[in-house]
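Written below as structure tokens is the structure these notes are about.
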Amino acid sequence: MPDPQIEKLLIVQDRDVALQKIEQELARIPQERAALEAQITAEQANIEAARLELQQKEVERHELDTEVKAKENAINRFRNQQLEVKKNDEYRALTHQIEQSEADISQLEEREIELMLAIDESRETFEAEKAAIEVRMVEQKKQIERLAEREINLKASIDQARSALETARQAADEQFLGHYDRVRKIARRAPYVARIEAHKCTGCHLRVCNEVSSAALVAGQPSFCDQCARMVYA
Ligand SMILES: [Zn+2]
């Protein structure tokens, strides 16, 4: 049967730890939200980059088209000129230019076909990726909503947790509470009040000396682990 003062402190500790948990969870929310928002921004940037790449290819294709049309116009012009020239060598020169332009056109058209295949491929990839990204973004947005809900719930429970802790503190012995607060500052984590089990402090898991072990059995006076300085009880 532990010291009644210790029992009261254990209630303080329980509520203290519960409050800490809420505070830590609340403190993490802005980071979690920022991480989700960063993911969404990155996904959007990816979609945009893929869209621009596709657009760039389409611009290129359009340029090829324009070039082909210009060559076709040139051929028509050469043919009209051929109707007017008198000399054979002039006629042949124009024929040569026409042939050259036709060769250019077939090269341009080959590039255009390659480009069209690349565009089709890019578009398929883009659409598939976009769909996948959109699914992920919906999930990320849901997570942000859940985060907001959790924040509301945590804020609602924090006041309750604070007043529960305050009630427990008021019921505790002032001297014991003073030690508790002191230990709480120096111990890196809970428990601040630890049971001794098989001569070991359950706070630091090290063996305590015999004096501490026997002192912990005495009710009404606080004892401390000689290893970690936590308050101990048997
Ligand atoms: Zn200890």
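In each ligand, atom 1 is the first atom listed, and ligand 1 is the first ligand listed. Given the structure is predicted, the values throughout are model-derived calculations rather than measurements.
No side-chain donor-acceptor contact under 3.5 Å links Tyr192 and Asp16. Residues Thr95 and Gln82 have side chains that bring a donor and an acceptor to within less than 3.5 angstrom of each other.
Within the protein, the N, O or S atoms sitting under 2.8 Å from the Zn ion (ligand 1) are Cys201 SG, Cys204 SG, Cys225 SG, Cys228 SG.
Within the 4.5 Å cutoff, side-chain heavy atoms of Gln55 are placed close to those of Leu52.
Using a cutoff of 4.0 Å between basic side-chain nitrogens and carboxylate oxygens, Glu32 and Arg150 are scored as salt-bridged. Using a 4.0 Å cut-off between charged nitrogen and carboxylate oxygen, Arg79 and Glu102 count as a salt-bridge pair.
With sequence neighbours excluded, the residues satisfying side-chain contact (heavy atoms from CB on, under 4.5 Å) with Gln100 are Asp104.
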